Enquirer: 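Provided herewith is a single structure, encoded as structure tokens, for subsequent inquiry.
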There are 2 protein chains.
Amino acid sequence: MTNSSRIAIDAMGGDEGLAVMLAGVARARRRFEDMRFILVGDEAAIAAGLKDHPNLSAQSEIVHAPDVIGSSEKPSQALRRAKTTSMGIAIDMVKQGRAAACVSSGNTGALMAMSKLSLRMIPGIDRPALAGLMPSLGANDTVVLDLGANTECDSRNLIQFAVMGAAYARTTLELARPRVALLNIGSEDQKGTETIRDAATALRAATHLPLDFTGFIEGDKLSRGDVDVIVCDGFSGNIALKTAEGTARFVADLLKRAFRSSTRSKIGFLISRPATELLRHHLDPNNHNGAVFLGLNGLVVKSHGGANEIGVCTAIAAAAKMVRDDLTRRIAEDLGDFEKKAA
Amino acid sequence: MTNSSRIAIDAMGGDEGLAVMLAGVARARRRFEDMRFILVGDEAAIAAGLKDHPNLSAQSEIVHAPDVIGSSEKPSQALRRAKTTSMGIAIDMVKQGRAAACVSSGNTGALMAMSKLSLRMIPGIDRPALAGLMPSLGANDTVVLDLGANTECDSRNLIQFAVMGAAYARTTLELARPRVALLNIGSEDQKGTETIRDAATALRAATHLPLDFTGFIEGDKLSRGDVDVIVCDGFSGNIALKTAEGTARFVADLLKRAFRSSTRSKIGFLISRPATELLRHHLDPNNHNGAVFLGLNGLVVKSHGGANEIGVCTAIAAAAKMVRDDLTRRIAEDLGDFEKKAA
């Protein structure tokens with residue numbers, strides 16, 4: 001067993017509590033036979049929780065953390081408690097090389113600040129970006145970044161996000177030249193903020209990059225699969241991602257109401273149930289969980305705060321794939337090429 | 001017939017062309033017997049188009065405009081052509097008191113700039129905001145503003161949008177104390193930009209306003225009906241609105257695929273069709289068309305550039321309701337109270 005198959009889990013982070021985290025890890029353990037886990041958090045509580053998961057207890061290591069980061073804690077406060085909290089210690093496992101990745105459902109701002117301080121940035125990158133995969137009508141999912149780690153961004157940040165997002169798409173979606181677009185409120189050149197227009201000008205000129213910059217994309221075309229990577233500041237990205245999630249749930253609720261509205265539609269629903277179940281599965285955010293901080297010297301995966309057992313397992317599976325893909329090294333290489341060509 | 005039942009139409013704006021605009025107006029004419037229209041645009045083309053709509057031709061006035069604003073034209077360019085374009089002349093009908101409102105499917109930025117210059121702002125308001133109604137799971141639709149007129153906003157703008165949005169909700173949704181929230185990337189006090197946090201502090205302190213400020217709302221809760229008015233800058237609002245539209249279409253497309261995936265589900269689909277048709281109707285943006293620029297001395301309604309005949313009719317119906325509700329006067333009164341109480 002090598003460290004490359006070991007994942008550190010912030011067992012105390014997230015809104016759903018330790019039991020859900022452990023159930024998610026146990027589920028991942030059943031899926032990935034060769035995966036081992038370091039469970040970081042309250043030792044006694046984890047040991048008690050593991051009684052429900054015999055498949056985990058024998059092969060997991062518990063690392064005690066006396067403290068936990070609150071969901072509304074400021075990053076600056078959190079940083080001071082890196083050494084005593086489950087989140088801080090889980091990240092440190094990656095830094096020390098004891099784990100190949102860490103997964104946390106905790107506070108995004110704190111996770112980003114701690115990861116940045118502990119693991120440091122890849123040369124040439126100013127800030128990490130949180131990147132996730134959104135389902136689309138196209139042949140592959142779409143990479144979207146930043147999803148909320150950087151509330152305000154300048155054009156230099158957006159350009160770096162584009163390069164990192166393309167590197168992520170090359171690795172995880174296996175695309176040679178990903179199509180990259182900037183999220184904007186119109187497709188015409190003069191639309192949006194100066195920051196976005198400047199980033200577009202630079203990306204249009206950077207023809208040496210292994211990506212196809214396609215210009216601006218609007219919110220209504222996010223799921224169409226017309227591009228592979230969508231770049232935005234963390235504020236817009238968070239609004240777009242959550243609005244998409246909320247709208248999918250809204251439509252599903254309306255559909256439920258519609259099916260219940262008459263005996264006829266109830267019968268139709270029962271008959272077509274296998275089809276609608278498939279749709280429900282496809283739209284459940286728990287099946288798309290696991291965003292990664294790109295730009296760090298190490299893999300840190302953010303799981304949705306409200307993720308259930310399946311969501312936690314999906315995030316761990318995403319982390320496992322990034323370990324197998326050697327994502328950190330490949331992004332660093334890609335950026336090295338970018339720097340050399342830019343110089 | 002009074003001017004209060006006359007609406008000016010920018011017949012040349014929008015991506016779908018004159019024929020769709022005229023078909024939409026004819027549809028509205030059938031719905032609102034007492035409504036009269038001023039059709040602004042190329043006189044010969046409109047006269048030719050009216051041959052298909054005998055119910056319109058007798059009772060509509062045509063005002064010739066030799067020119068039209070392009071969809072990618074900069075607002076500053078458009079302003080210079082206010083007197084010769086269908087958009088500029090349609091707005092001028094409102095200024096001159098010849099029409100009670102104007103409706104355009106043209107370029108949003110140009111429409112806002114021209115309207116602002118021609119009609120001027122209500123005292124105490126710095127910038128107009130584009131407000132629309134989004135469907136929700138609650139008892140009423142939700143007012144969302146700004147939807148794209150102001151790409152960047154300061155906290156003072158956001159506070160004014162909140163007051164105007166609440167006045168709009170009181171008038172159009174008939175709510176005594178609308179619940180108002182600021183769109184943000186988290187619900188905790190320290191989340192988001194300084195601009196948003198400052199606006200929240202001011203709104204929390206302004207207990208004299210006839211609204212209940214409920215704090216921050218995230219993108220995934222937009223359609224839940226938990227609040228009546230959602231306030232944001234035009235960039236985030238445009239991203240959220242379009243992402244919601246695109247996601248609803250995406251889910252509908254997936255549903256279609258799911259229903260087609262087997263004979264069984266095809267049969268189920270046919271049986272439950274009346275229910276899914278109702279849902280399709282409810283989600284079609286054409287049935288929620290017609291956003292209004294709040295803060296102007298006059299009614300200017302923006303119809304979606306890609307609106308079809310039904311969408312144009314919906315936007316005209318929205319304008320007709322605003323005329324009946326005497327929206328401009330009621331918002332000005334509301335803001336007068338606000339200014340007095342703030343002083």
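Worth saying up front: this structure is predicted, and the values here are computed from it rather than measured. Note on naming: letters A, B, ... go to the chains in the order of the sequence lines (proteins, then strands), and numbering restarts at 1 for each one.
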Enquirer: With chain B as the partner chain, list the residues of residues 126-145 of chain A whose heavy atoms fall under 4.5 Å from it, by residue number, and write 'none' if nothing qualifies.
Expert: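 Near chain B, by residue number: A/P135, A/S136, A/L137.
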Enquirer: Could you check whether any side-chain N or O of A/E245 sits under 3.5 Å from a backbone N or O of A/K242, counting only pairs where one atom can act as donor and the other as acceptor?
Expert: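 Answer holds: no.
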Enquirer: Can you say whether B/L241 sits under 4.5 Å from chain A via the side chain, the backbone, both, or neither, judging by heavy atoms?
Expert: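 For B/L241, there is no contact with chain A at all, as no heavy atom is under 4.5 Å.
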Enquirer: With sequence neighbours left out, write down each residue that passes salt bridge (Lys or Arg N to Asp or Glu O under 4.0 Å) with B/D226, or none if nothing qualifies.
Expert: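 Counting only residues at least two positions away or on another chain, B/D226 forms a salt bridge (Lys or Arg N to Asp or Glu O under 4.0 Å) with B/R224.
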Enquirer: When heavy-atom pairs shorter than 4.5 Å are enumerated against chain B, which of A/L183, A/T108, A/T247 gives the highest number?
Expert: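 So the answer, after comparing A/L183, A/T108, A/T247, is A/T247.
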Enquirer: Are any of the side-chain nitrogens in B/R280 or B/E277 under 4.0 Å away from the carboxylate oxygens of its partner?
Expert: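 Between B/E277 and B/R280 there is a salt bridge, with a charged N closer than 4.0 Å to a carboxylate O.
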Enquirer: So for B/L222, is it side chain, backbone, both, or neither that comes closer than 4.5 Å to the heavy atoms of chain A?
Expert: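 Only the side chain of B/L222 comes within 4.5 Å of chain A.
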Enquirer: Checking heavy atoms, do the side chain of B/D189, its backbone, both or neither come under 4.5 Å from chain A?
Expert: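 Contact with chain A is absent: no heavy atom of B/D189 under 4.5 Å.
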Enquirer: Would you mind telling me which of A/S71, A/S187, A/A248, A/S223 has the largest number of heavy-atom pairs within less than 4.5 Å of chain B?
Expert: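 Option with the top pair count is A/S223.
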Enquirer: Identify which of B/C232, B/A252, B/A244 forms the greatest number of heavy-atom pairs closer than 4.5 Å to chain A.
Expert: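 It is B/A244.
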Enquirer: Which heavy atom of A/A162 sits nearest a heavy atom of A/V180, and at what distance?
Expert: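 Taking A/A162 first and A/V180 second, the nearest heavy atoms are CB-CG1, 4.1 Å.
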Enquirer: Given A/C153, which of A/T195, A/V231, A/L158, A/I159 fulfils the side-chain contact (heavy atoms from CB on, under 4.5 Å) condition?
Expert: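 Answer after filtering A/T195, A/V231, A/L158, A/I159: A/L158.
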Enquirer: Which pair of non-hydrogen atoms, one from B/A113 and one from B/P75, has the smallest distance, and what is that distance?
Expert: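 Smallest interatomic distance, heavy atoms only, reads CB-CB, 3.8 Å.
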Enquirer: Determine the interplanar angle of the B/F259 and A/F259 rings, folded into 0 to 90°, and report it as parallel if under 30°, tilted if 30 to 60°, perpendicular if over 60°.
Expert: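 Because their plane-to-plane angle is over 60°, the rings of B/F259 and A/F259 count as perpendicular.
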Enquirer: In terms of heavy-atom pairs under 4.5 Å with chain B, which of A/N184, A/I267, A/L270 leads?
Expert: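 The option with the most such pairs is A/N184.
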Enquirer: Can a donor-acceptor pair be found between the side chains of A/S303 and A/N289 at a distance below 3.5 Å?
Expert: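 Present: a donor and an acceptor within the cut-off.
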Enquirer: Counting only heavy atoms closer than 4.5 Å, note whether B/I196 contacts chain A via side chain, backbone, both or neither.
Expert: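 Side chain of B/I196 only, per the 4.5 Å heavy-atom cut-off to chain A.
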Enquirer: Without swapping roles, check the side chain of A/D233 against the backbone of A/S236 for a donor-acceptor pair under 3.5 Å.
Expert: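 The answer is yes, because a donor-acceptor pair under 3.5 Å joins these two groups.
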Enquirer: What residue pairs, at least two apart or across chains, pass side-chain hydrogen bond (donor to acceptor under 3.5 Å, both in side chains) with a residue in residues 254-263 of chain B?
Expert: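 Residue pairs with at least one partner in residues 254-263 of chain B: B/S262-B/S265.
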Enquirer: Which atoms of A/I185 are under 4.5 Å from chain B, going by heavy atoms: the side chain, the backbone, both sets, or neither?
Expert: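 For A/I185, heavy atoms of backbone and side chain both lie under 4.5 Å from chain B.
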Enquirer: With sequence neighbours excluded, what pairs up with B/F216 under the ring-ring contact (aromatic ring centres under 6.0 Å, His included) test?
Expert: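 B/F216 satisfies ring-ring contact (aromatic ring centres under 6.0 Å, His included) with no residue once adjacent residues are dropped.
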Enquirer: Specify which of A/Q190, A/E152, A/K74, A/K191 makes the most heavy-atom pairs with chain B at under 4.5 Å.
Expert: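 Highest number of heavy-atom pairs under 4.5 Å: A/Q190.
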